[in-house]
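For reference, the structure discussed in these notes is given below.
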Amino acid sequence: MIEKMQFVTLSGPKTDLDNLIKKYLSKVDIHLDNAVEEFDHDHLNSYYEENPFEGYLPLCEDIASLIERPEKFDIVKIKSKDACELIDETHKEIQKNRDAITKHEAQLSAIDDEISKIEPFTSLNTTIEKLSDLSLFTHRFGRIPHKNFEKFDRFLKPDIHSIFIETSRDNAFVYGLFLIPLTEVNDISKTLVDIAFEEIHLPAECSGLLSDEISKFEEEKDKIQELIDKEHAAINEFLDNNRDKLLSAIRRIQISHNNFDVRKLAGVTGEHDHAFQTVCGWMTVPQAKKLEEKTKDDPNVICTVSDDVDEHRKTPPVKLKNNRFIRPFETFVRMYGMPNYHEFDPTWFLCLTYSIIFGMMFGDIGQGLCLLIIGLILYKIEHFAIAGVACCVSVFSILFGALFGSFFGFEFESVIHPLHSVAELPIIGRINHVIVAAFFFGAFIILVTMIVNMANAIKRKKLGSFLFGPNALTGFIFYGSIVTILALVLTGHTVPGTIIMIVTLVIPLILIMCEKPLRNLVERKKVFPEGSPAMSVATGFFELFDYLLTYLSNSLSFLRIGVFAVSHAAMMQVVMTLSGAENGGSANLLIVIIGNVIVVCMEGLIVGIQVLRLEYYEMFGRFYEGSGREFVAYRKNIK
């Protein structure tokens, strides 16, 4: 059900707004609306103050991200000003450590660059010092692209007056060093340019074996990493020592930020010492009474409560209140859209129809029991809404399993067997009883949705919507007559006479065709607001065909209930056949178990989706708008 709402206005001195928020708004459930938009008064203005806590939120988020399990802490009382100072000091303290870490990480990166220069040449079995001591030669470390090296190796190497020592290769380059006679440096330098030789300058401090030089660099990295670890440990130690105080400060700043943001929704009138503020919003009746009691003795607060929800610019927000058995289905309602305040809550309808249809399509006692046990465990441990849904639908799965005579696929004597219940009907011929029952059950559901739609129209005080339309009284009479005539024909009874047919079929169709003009006439609006009467009638005539197709498609959609009931029984028969139990033999329990698991997982999911499709497209579309806004309490934002 939808809880009844009242509109509450709180007024008082502008200087007392913070006290109003702290003392009252944070203690009750109120959905705040914008006061300036609501009252649209020339002398009512918005606040223009910048939130002083805005800049602290990123700092709070950063600090909280460094603390393990920040949601678990002991609250320490702290004022907003002290909280801001503590967060500032903490941020500066942490930043010092972070600056040091950044500096050390830059050193690590520089060392890694030096190592990457040395690594391709570590196979060289001599020291850099010895290479530098050669009196007649100079050396150059570098790399040559594979393509150029092949040409160099084949054509130039035999004739060039230098020695190339290859040390390694990768996918793109050949690494090594050239030993060049001092007398040939200029000529050979030109050749090196031609073969795209890219010189690599090793670190100046390298003098020994290059493999030993890398070991020295690794030792230096380890020392720097120790410094980084110390800085991280210093941050963690500081945060651990001040954990509760810091998290309490973060909480205080977040609350203060939200409290200050109430100003965005408040209206202000007057100037300086004579300035007054107004805050407004929606509350449930019990909460509104609670607020009235709290504020009646406060000279700085004027609390006004209004029952007339239609005199306000926005429709009231919607707060659903259902018992614990129905509440899990609110998830499906929210997926479609919250109900308008002036609609009926469809949760009860969805709960009942979804559970029944699921049970019809997935009827098996054993599988229903498994679904019930799994749903109960998940709902108890994790409180998943879908687990609560599974608990409800499993009850009907068990009931229809008893009706169909199925226990984990093992059949027993029952009222009806989906695979074997076949009858001869007029016009149609031989057909499964379950399919026929699914069709008429769907027709019944469609008629119920029309009744709910008419009830919504009465609640909204719209007589035209109650009387005229494909889902109004005229549609109910027409569709109900079609279903009744079809039932009479299939059972071999005589259909009604011509006069009754005209009254129940032709006249409702004409009224449906003229739906919009007739609604406007009854509701005292302009009969033909758009175009001429002829254009309006012509539009209604073509829309009538769409309505008739919708009636047909919606009715046929419910056949899937019977089809899935039959297919479920057929799948279990296949499992029994594979297990060897179909012809009276002893069943292979392993195959029975595996088959049931596959059917439960696969068909259970498919059936769940198909039933939801029926709810949204064949039922909700007839009576439900889902255009409401959800009630969000201000103090919920604080939490």
Side-chain angles (χ1 to χ4, degrees), residues 49-122 128 141 198 200-208 210-261 637-638:
E49 298 177 38
E50 186 178 348
N51 194 323
F53 303 99
E54 189 71 38
Y56 289 95
L57 290 184
L59 303 183
C60 291
E61 187 177 345
D62 180 37
I63 293 170
S65 68
L66 299 174
I67 300 175
E68 292 185 5
R69 296 179 66 92
E71 69 280 1
K72 302 288 184 181
F73 67 101
D74 295 325
I75 296 175
V76 177
K77 287 188 177 180
I78 186 169
K79 294 181 179 179
S80 299
K81 182 181 178 182
D82 295 335
C84 292
E85 289 176 358
L86 178 61
I87 293 300
D88 259 335
E89 291 171 5
T90 302
H91 175 68
K92 290 175 182 177
E93 189 68 29
I94 292 174
Q95 195 57 46
K96 290 179 185 176
N97 299 108
R98 283 177 167 172
D99 290 342
I101 290 170
T102 302
K103 178 182 176 183
H104 294 320
E105 285 178 343
Q107 291 173 335
L108 285 180
S109 179
I111 292 174
D112 285 335
D113 287 342
E114 302 290 17
I115 290 175
S116 66
K117 292 177 182 177
I118 298 173
E119 278 180 333
F121 309 106
T122 52
I128 301 299
F141 288 90
E198 181 184 342
I200 296 174
H201 298 281
L202 301 186
E205 58 267 33
C206 290
S207 58
L210 293 180
S211 57
D212 294 339
E213 297 296 333
I214 286 183
S215 298
K216 292 177 183 178
F217 280 123
E218 291 292 348
E219 290 175 4
E220 190 175 349
K221 279 180 66 178
D222 291 339
K223 292 177 182 178
I224 294 172
Q225 187 60 52
E226 286 180 9
L227 296 176
I228 292 174
D229 293 340
K230 285 182 181 179
E231 297 294 343
H232 280 300
I235 292 174
N236 292 332
E237 183 180 0
F238 179 83
L239 293 176
D240 286 341
N241 292 338
N242 299 277
R243 186 175 186 278
D244 290 343
K245 196 173 181 181
L246 281 170
L247 290 171
S248 297
I250 291 170
R251 174 179 175 273
R252 172 51 53 197
I253 288 172
Q254 290 172 337
I255 291 173
S256 299
H257 177 272
N258 287 338
N259 287 350
F260 198 92
D261 265 359
N637 290 332
I638 294 176

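- Between S256 and S80, the closest heavy-atom pair is OG-OG, 2.8 Å.
- Side-chain contact between K92 and Q95 is absent, with no heavy atoms from C-beta onward closer than 4.5 Å.
- In summary, D112 and K221 engage in a salt bridge, as defined by a charged side-chain N under 4.0 Å from a carboxylate O.
- The shortest side-chain heavy-atom distance between I214 and L210 does not fall under the 4.5 Å cut-off.
- Looking at N97 and E93, their side chains never bring a donor and an acceptor atom within 3.5 Å of each other.
- The shortest non-hydrogen separation linking E205 to E213 is O-OE1, 4.1 Å.
- I101 is listed as a side-chain neighbour of I235, based on a closest heavy-atom distance under 4.5 Å.
- Considering all non-hydrogen atoms of both residues, I63 and H91 come closest at CD1-N, 4.4 Å.
- Q107 places a side-chain heavy atom less than 4.5 Å from the side chain of H104.
- In terms of heavy atoms, E105 sits closest to I228 at CG-CD1, 3.8 Å.
- When side chains are defined from C-beta on, E54 counts as touching H257, because their heavy atoms get closer than 4.5 Å.
- The two residues S248 and I78 make their nearest non-hydrogen contact at O-CG2, 3.9 Å.
- For the residue pair D229 and Q225, a side-chain donor N or O sits within less than 3.5 Å of a side-chain acceptor on the partner.
- Between T90 and L246, the closest side-chain pair of non-hydrogen atoms falls below 4.5 Å.
- No more than 12 heavy atoms of other residues, nucleotides or ligands shown are found within 6.0 angstrom of CD on E50.
- Taking the side chain as every heavy atom from C-beta outward, F53 and N259 never approach each other to under 4.5 Å.
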